[in-house]
There are 2 protein chains.
Amino acid sequence: MTVTIKDIAKQAGVSITTVSRAMNGYRDIHPETRKRVLQIAEEMNYRPSGIARSLVMKQSKTIGLIISEMTRSRTGHHFLFDVISGVNDRAMALGYDLILATTSPDEQHMVPYMELCHRRQLDGVILSGVRTKDPYLQEVLDSAIPCVLIDVPLLGKTCSHITLDNRKGAQQAVEYLIRSGHRRIGFINGHREAFVSEERLLGYQHAMEEAGLKGEWVFYGDFDDASGREGVCHLLEKDPDLTAFFCASDLMAVGAMRELEGMGKKVPQDVSVIGFDDIDLAHYVTPMLSTVHQPRYRFGTQAVDVIVGMLEGEQGKSVVLEPELLIREST
Amino acid sequence: MTVTIKDIAKQAGVSITTVSRAMNGYRDIHPETRKRVLQIAEEMNYRPSGIARSLVMKQSKTIGLIISEMTRSRTGHHFLFDVISGVNDRAMALGYDLILATTSPDEQHMVPYMELCHRRQLDGVILSGVRTKDPYLQEVLDSAIPCVLIDVPLLGKTCSHITLDNRKGAQQAVEYLIRSGHRRIGFINGHREAFVSEERLLGYQHAMEEAGLKGEWVFYGDFDDASGREGVCHLLEKDPDLTAFFCASDLMAVGAMRELEGMGKKVPQDVSVIGFDDIDLAHYVTPMLSTVHQPRYRFGTQAVDVIVGMLEGEQGKSVVLEPELLIREST
DNA sequence: TTGTACGCGTTATCAC
DNA sequence: GTGATAACGCGTACAA
């Protein structure tokens with residue numbers, strides 16, 4: 001038997017209205033009464049029902065974190081955990097509960113999405129892992145419920161996004177390689193459906209052009225280590241004289257290093273490798289991987305802040321975090 | 001304006017009762033009517049409110065995943081992500097929503113715990129990261145709501161747990177080292193407040209005794225790589241002739257390897273190292289780490305299954321998963 | 001300062 | 001087969 005305000009009311013000899021007022025800290029109530037009510041509530045071990053409250057208040061104090069392809073891609077692991085962690089911490093701190101959900105790209109016809117939103121009356125939603133041309137992105141935009149996209153640059157009245165300055169990050173990495181004397185630099189990118197891939201490519205190209213370097217050695221992988229290996233093979237085949245690789249993920253960078261080792265090339269003596277993300281792995285591998293750091297945890301906390309901002313009437317906005325180039329042993 | 005069954009009722013010219021029946025697939029309703037109602041619902045883009053439903057049904061179709069010290073310990077990362085992933089997938093598949101929450105050991109006087117349970121009317125709860133002597137464990141046990149503990153061997157009417165056969169896992173690892181000819185084997189354990197630590201110690205001791213080995217070289221760390229390094233120093237100081245280390249986590253094992261390298265010892269030529277967990281990192285480091293595999297994802301899926309089982313009236317039970325020794329390059 | 005009464009969106013129990 | 005109507009637990013005009 002869960003105890004409700006009605007029980008408390010009876011016990012305290014007042015009406016439920018009074019109990020409700022006491023609980024919610026209204027001032028137009030006799031201090032004596034409030035004290036008594038509060039004490040009785042305490043004694044009876046009363047716990048308010050968020051469910052009932054949501055129903056009448058029309059807001060659930062809940063935000064949803066929807067992740068695309070969470071399980072499928074081993075890749076996401078390192079990135080996602082910190083994002084989840086950040087979202088969770090910030091949401092809790094602000095008094096929101098967090099509902100976690102996932103979609104596969106196939107079934108994400110917005111059906112499960114909108115359904116979840118209404119079913120749980122989500123106050124706001126954070127989307128991660130969405131591909132640029134996901135069919136239901138438009139629906140998200142049209143929807144009235146505030147949402148923030150991670151790494152997808154959509155903007156709307158109730159739609160914000162948060163991302164890293166990927167172009168700048170890539171540019172810094174490549175510029176560093178160039179300053180280190182490299183001229184023939186391969187770029188192992190992520191898949192084409194990721195917005196970040198476009199941006200990182202732009203950064204790569206820009207840095208190369210600025211330095212007056214002509215060639216363009218680009219391979220499209222899938223962010224995982226296997227495609228890092230592929231990338232090395234593929235690019236080296238096109239040009240055996242490459243002396244450096246910039247990879248769009250640490251996992252691909254590690255794969256690249258392993259492949260290079262297998263081919264008898266030393267990192268960083270013979271060829272330099274630089275990654276992207278700065279996952280834990282980056283400083284556990286040998287040689288320790290130079291990389292572009294992403295403040296993943298902050299992606300999460302900021303996402304929540306942006307949502308709450310929109311809940312308070314702010315327009316959708318664009319948050320761009322700063323990358324940070326970390327030089328370790330692989331360059 | 002969210003559309004409710006009332007709107008549909010009006011539109012269809014029937015009562016809300018009929019609508020409700022149509023939606024929930026009752027049979028005592030005219031096929032024609034049901035069809036019409038369903039179609040109108042579809043047209044109006046109706047989404048049922050789980051909130052309202054929960055209120056009257058007294059069950060929310062929601063399970064909570066409560067993680068202790070999620071952010072604080074970098075250690076948990078690799079273990080937790082897969083657990084979360086498993087819980088999420090299985091919960092979704094079974095029609096449950098997942099609420100994620102965290103506690104710090106300081107403030108976990110059950111207040112936030114029980115509060116969350118009632119606030120969201122959780123049908124069941126999964127706890128991870130709890131330390132053996134957390135004060136509020138008892139409360140969890142007493143509570144009427146079904147819960148399953150991960151890696152804490154409590155049992156009750158509505159309380160199950162799920163864990164690995166840690167003793168066997170440790171034993172297998174140490175036995176392997178012994179079979180490989182090692183006699184002086186150090187054990188770098190996790191902290192004392194973890195149940196798994198006790199079990200792994202037992203496994204280590206058992207294997208040593210079985211082989212008639214007398215010495216016992218044990219160090220208590222904290223599961224992270226830093227304490228792996230410490231462990232090596234500490235134990236080697238006590239006995240410079242140790243030729244192998246069994247570590248209660250992969251992270252500690254990696255730390256141990258790094259420390260050994262720093263001391264000029266080759267792994268595995270001079271000394272063998274074996275870890276526990278089988279996190280991704282294990283096969284990215286050089287040399288690739290031999291370790292005891294934990295089916296983390298299954299921890300998650302099983303946990304959900306157990307909860308649902310209890311929801312259907314089953315008693316609390318104990319699920320023990322099988323470890324698997326993975327031999328790679330560090331031994 | 002306090003109480004009455006209504007509504008939030010559903011399901012369930014009755015009648016009809 | 002279908003429709004009132006009463007819950008579910010809470011917030012809140014409006015009265016008193």
Side-chain angles (χ1 to χ4, degrees), chain A residues 1-38 40-41 44-62 97 114-123, chain B residues 1-38 40-41 44-62 95 97 115-123:
Chain A
M1 270 294 109
T2 70
V3 24
T4 77
I5 50 172
K6 198 185 286 182
D7 301 318
I8 301 185
K10 197 175 301 174
Q11 189 73 21
V14 296
S15 75
I16 61 168
T17 310
T18 304
V19 176
S20 177
R21 285 206 180 91
M23 303 299 301
N24 298 334
Y26 277 50
R27 330 128 101 261
D28 58 346
I29 186 177
H30 196 93
E32 279 299 312
T33 321
R34 114 127 28 74
K35 196 176 156 193
R36 190 156 45 88
V37 169
L38 253 36
I40 292 186
M44 298 183 72
N45 198 23
Y46 167 74
R47 302 279 173 234
S49 156
I51 301 280
R53 185 178 281 161
S54 300
L55 191 57
V56 50
M57 303 278 272
K58 284 169 160 312
Q59 55 152 335
S60 59
K61 274 291 185 180
T62 306
D97 284 329
M114 291 306 282
E115 202 173 279
L116 178 63
C117 291
H118 282 91
R119 179 156 36 98
R120 311 300 307 218
Q121 294 245 295
L122 299 184
D123 292 341
Chain B
M1 269 295 112
T2 70
V3 23
T4 76
I5 49 171
K6 197 185 286 181
D7 301 318
I8 301 186
K10 198 175 301 174
Q11 190 73 20
V14 296
S15 77
I16 59 171
T17 309
T18 304
V19 177
S20 179
R21 284 206 181 94
M23 303 300 300
N24 298 333
Y26 278 51
R27 330 132 100 262
D28 58 345
I29 185 177
H30 196 90
E32 280 299 310
T33 321
R34 118 128 24 77
K35 197 176 158 194
R36 191 156 45 88
V37 168
L38 253 36
I40 292 187
M44 298 183 73
N45 198 20
Y46 166 74
R47 302 279 172 236
S49 158
I51 302 280
R53 185 178 281 163
S54 300
L55 190 57
V56 51
M57 303 275 274
K58 282 169 163 311
Q59 54 151 333
S60 59
K61 274 291 187 178
T62 307
D97 284 330
E115 204 174 277
L116 178 64
C117 291
H118 282 91
R119 180 156 36 97
R120 310 302 306 219
Q121 295 244 294
L122 298 185
D123 293 340

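So you know, we letter chains A, B, ... as the sequences are listed, proteins then strands, and number each from 1.
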Taken to the nearest 0.5 Å, the spacing of A:Tyr46 OH from A:Leu38 CG works out to 11.0 Å

C:dC8 P sits how many Å from A:Lys61 NZ, rounded?
22 Å

Is the backbone of A:Asp28 close enough, under 3.5 Å, to the side chain of A:Arg21 for a donor and an acceptor to pair up by distance?
no

Please report the distance, rounded to the nearest Å, between CD in B:Gln121 and P in D:dC8.
12 Å

Is it the case that the base of C:dT11 and the side chain of B:Thr17 share a donor-acceptor contact (distance under 3.5 Å, atom types as modelled)?
no

State whether A:Lys58 places a side-chain N or O below 4.0 Å from either non-bridging phosphate oxygen (OP1 or OP2) of C:dG9.
yes

For a quick test of reading the model: is some side-chain N or O of B:Tyr26 closer than 4.0 Å to OP1 or OP2 of C:dA12?
yes

Any donor-acceptor pair under 3.5 Å between the side chain of B:Arg21 and the base of D:dG3?
yes

Just to confirm, is there a sub-4.0 Å distance from OP1 or OP2 of D:dC10 to any side-chain nitrogen or oxygen of A:Arg53?
no

Using whole Å, what does the distance between atom P of nucleotide C:dT10 and atom CG of A:Leu55 come to?
9 Å

Let's see if you can work this out: which of D:dT12, D:dT2, D:dC10 has an atom nearest to the side-chain heavy atoms of A:Met57?
D:dT12

Classify the nucleic acid contact of A:Ser20 as base, sugar-phosphate or nothing, counting any heavy atom under 4.0 Å across all strands shown.
base

Just call it for B:Ser49: base, sugar-phosphate, or nothing, with non-hydrogen atoms closer than 4.0 Å on any strand.
sugar-phosphate

Can you measure from CD1 (B:Ile29) to NZ (B:Lys35) and round to the nearest 0.5 angstrom?
13.5 Å

For residues A:Arg120 and B:Thr62, is any side-chain donor paired with an opposing acceptor at under 3.5 Å?
yes

Between D:dG3 (C1') and B:His30 (NE2): distance, integer Å
17 Å

Do the side-chain N and O atoms of A:Thr17 and A:Ser20 include a donor-acceptor pair separated by under 3.5 angstrom?
no

Any A:Thr18 side-chain N or O less than 4.0 Å from OP1/OP2 of C:dG3
yes

To the nearest Å, give me how far apart CG (A:Asn24) and C1' (D:dT12) are.
11 Å

Sugar-phosphate, base or nothing in reach of A:Ile29, heavy atoms under 4.0 Å
sugar-phosphate

Atom CD1 of A:Ile51 and atom C1' of D:dA7 are separated, to the nearest Å, by 16 Å

Using atom CD of B:Glu32 as one end and atom P of D:dT2 as the other, report the distance to the nearest whole Å.
10 Å

Check the distance between D:dA4's P and B:Lys10's NZ and give it to me in whole angstrom.
13 Å

Name the closest nucleotide to the A:Pro48 side chain, picking from D:dC10, C:dT1, D:dC8.
D:dC10

Determine the contact category for A:Ser54: base if any of its heavy atoms lies under 4.0 Å from a base atom, sugar-phosphate if only primed atoms, P, OP1 or OP2 are that close, otherwise nothing.
nothing

